[in-house]
Amino acid sequence: MQSLSRVAHVAILACFSLMFITKGVSTLVSKNGLSNYSFPDKFMFGVATAAFQIEGAWNEDGKGESMWDTYLHKHPNFTVDHTNGDLATDSYHKYKQDIIMLQSLGVKYYRMSISWPRILPNGTDHYINKAGVRYYRKIFQELIKAKITPVVTLFHWDLPTALMDLGGWTNPKMVDYFEDYARVVFSLFGDMVKTWTTMNELHVHCYNGYDLNAFVPAMQSHGIGVYLCSHYMLLGHARAYHLYDKEFRPKQKGKIGLTLDVFYAEPKDSNNKEDVEAAERYLQMHLGLYAHPVYSKEGDYPALVRERIDNMSRTQGYPRSRLPVFTPEEVEMVRGTSDFFGINHYTTVLASASSMEPGWLVPSLDHDAGVKSEQDPKWPIPGAFWLAVYPPGLRKIVNWITNNYGTRVPIIITENGVCDSGGLNDYERVSYYNKYLYQLLLAMHEDGCRVEGYFAWTLMDDFEWSDGYTVKFGLFHVDFNHPERKRTPKLSALNYREILRTRRINFNYIKMPSYKYNNL
Ligand SMILES: *[C@@H]1O[C@H](CO)[C@@H](O)[C@H](O)[C@H]1NC(C)=O
Ligand SMILES: *[C@@H]1O[C@H](CO)[C@@H](O)[C@H](O)[C@H]1NC(C)=O
Ligand SMILES: *[C@@H]1O[C@H](CO)[C@@H](O)[C@H](O)[C@H]1NC(C)=O
Ligand SMILES: *[C@@H]1O[C@H](CO)[C@@H](O)[C@H](O)[C@H]1NC(C)=O
């Protein structure tokens, strides 16, 4: 059964690719369409997913509820299409198919996450759900059999509801609970998993979930909860790092790091000093806030962020800064706690200075940052409104990270990708990956940035948080009306496979069919 369906998948891929090898459109590189630079053989190419977005089986085999389960059951209209993650792509039952798809792409790395409440149903380690443990051990075994290295995130947003009921990441005790969970996971899976990321996208998680009401928990503790969340996540991350480093690394010999996220910010007018400062402030408030404590030589929050939030808090009459303060011991504890710089990047904004914009709350992270962000109308927007295509942004953010934090640890692009409205002929996604990956090659070869890996977001169309199933990011199409959640490769899957095979970008590999796509 398994090997048959494997052949079927590979056959589909082969036949599609024959149909689409044709002459080219791109003027980026040489006439035959092939990039002049290539990715090194040991460059880590993979794809990424997250447990809540694909697993489904929300209450099966002893799994506890995550805050996303509970919240979406209570507020069905929170997602734009009133859907939830109860079934998602049903990967709890279809993980073997997923692994066959990974093999057909030729990826050697798979970034996935563990659902905390599937292992610890009520969040704490007094009780371990054995069926959940079996599920992940089977996935890791199958991946290793397929010669695919698992890269595993401990926390990709699906907090156990029992811990959310105690305040989620605004609760200082979360630092202990996360360390306890990490110990369970390292003990159970560390024989097979050698690359860990503790947490995914601290900025998006705390900003959308605790400052705004865009993601669960929709706390709307604007300007306050958002920084408690950031602070205790950083401390939790650091504790898990040290736990691994001291108790597990000597035997298990793996790596452990952190995944942050950022949109790149360009000054709206690069000749305007205030816009230039605003762009830098945007990057510091969205990325530096999390990266500086971990990756800078001196540790702690960046001086600019510290001063700005302290000033704002004072002016607003708060008795102390809304941004918590690390003790000197904590600064030391957090500093240097990552073996790589994991960064998720999708898009860019144009920044200008502003003290107030419609929709900003006071206080809030936006108001503290004081940056108005817009998109350049020239940038294509193939799917969700926030994701405008600007490929040089990837090269620039990789350079910004290198300039700020040096090359002590390698950069890994842990997510990059684009959404559209769906379908198999996803020319916009093909173009996006070609151009963003070419910019990454330029960052590596021309700028000397130390980039060692890249993960496409995402393997297949999935549950995209508050967008439900309305936006599609997959290399594989998933038929959500089909009881089997049938998966089919898109053109972008063929294109990605070819990039991995040749280590180069062939801009002519998939022919762009009509004038409609000329601006890609
Ligand atoms: C590769 O192409 C880029 C972009 O056109 C160019 O800047 C670079 O000099 C080329 N490098 C080599 C080694 O040909
Ligand atoms: C969702 O439903 C709740 C109560 O049923 C209502 O108060 C709220 O305005 C609705 N939200 C949206 C976005 O429709
Ligand atoms: C989890 O919490 C629920 C609700 O408090 C309780 O009924 C259940 O027994 C708990 N399960 C475990 C394994 O502790
Ligand atoms: C904070 O306030 C001080 C004193 O008012 C001022 O000198 C400084 O420039 C402010 N810093 C920031 C980052 O706003």
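Whatever order the structure lists them in is the order used to number ligands and atoms, beginning at 1.
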| task | Going by heavy-atom distance to atom 8 (C) of ligand 3, choose the closest among Thr161, Ile128, Asn122. | result | Asn122
| Arg308 to ligand 4: N or O pair under 3.5 Å? | no
| said: Geometry only, no angles: is Glu307 polar-contacting ligand 4 at N/O separations under 3.5 Å? | reply: yes
| said: Looking only at side-chain N and O atoms, does Glu266 offer a donor or acceptor that is under 3.5 Å from a partner on Tyr390? | reply: yes
| query | Hey, which atoms in ligand 1 end up nearer than 4.0 Å to a heavy atom of Tyr438? | reply | 1 (C), 2 (O), 3 (C), 4 (C)
| query | For the side chain of Asp69 and the backbone of Ser66, is there at least one donor-acceptor N/O pair under 3.5 Å apart? | reply | yes
| task | State whether the side chain of Lys63 and the backbone N or O of Trp58 hold a donor-acceptor pair below 3.5 Å, judged by distance alone. | result | yes
| said: I want to check a possible cation-pi pair here: Arg118 against Tyr92, using under 6.0 Å from ring centre and within 45° of the ring axis as the test. | reply: yes
| field | Row check, Tyr432 ring normal vs Arg429 NZ/CZ: under 6.0 Å, within 45° | value | no
Would [atom] count as contacted, meaning some protein heavy atom under 4.0 Å?
| atom | answer |
| --- | --- |
| atom 2 (O) of ligand 3 | yes |
| atom 10 (C) of ligand 3 | yes |
| atom 14 (O) of ligand 3 | yes |
| atom 5 (O) of ligand 4 | no |

| query | For ligand 1, does His445 get within less than 4.0 Å through its side chain, its backbone, both, or neither, judged by non-hydrogen atoms? | reply | neither
| query | Which residue, Tyr290, Tyr210, Tyr207, forms the side chain to side chain donor-acceptor pair (under 3.5 Å) with Ser230? | reply | Tyr290
| request: In sequence, state the C-alpha distance, the side-chain angles, and the governing distance for Arg239 and Asp180, and then conclude on salt bridge (Lys or Arg N to Asp or Glu O under 4.0 Å). | output: CA-CA 10 Å; Arg239 284 266 287 273; Asp180 295 343; over 6 Å; no
| task | Give the atoms of ligand 3, by number and element, whose distance to some non-hydrogen atom of His126 is under 4.0 Å. | result | 12 (C), 14 (O)
| task | Run the numbers for me: atoms of ligand 3, each under 4.0 Å from some heavy atom of Tyr127, listed by number. | result | 13 (C)
| task | Indicate yes or no: does Asp310 engage Arg314 in a salt bridge with an N to O separation below 4.0 Å. | result | no
| Can you tell me which residue and heavy atom of the protein come closest to atom 12 (C) of ligand 4, and the distance to 0.1 Å? | Asn311 ND2, 3.4 Å
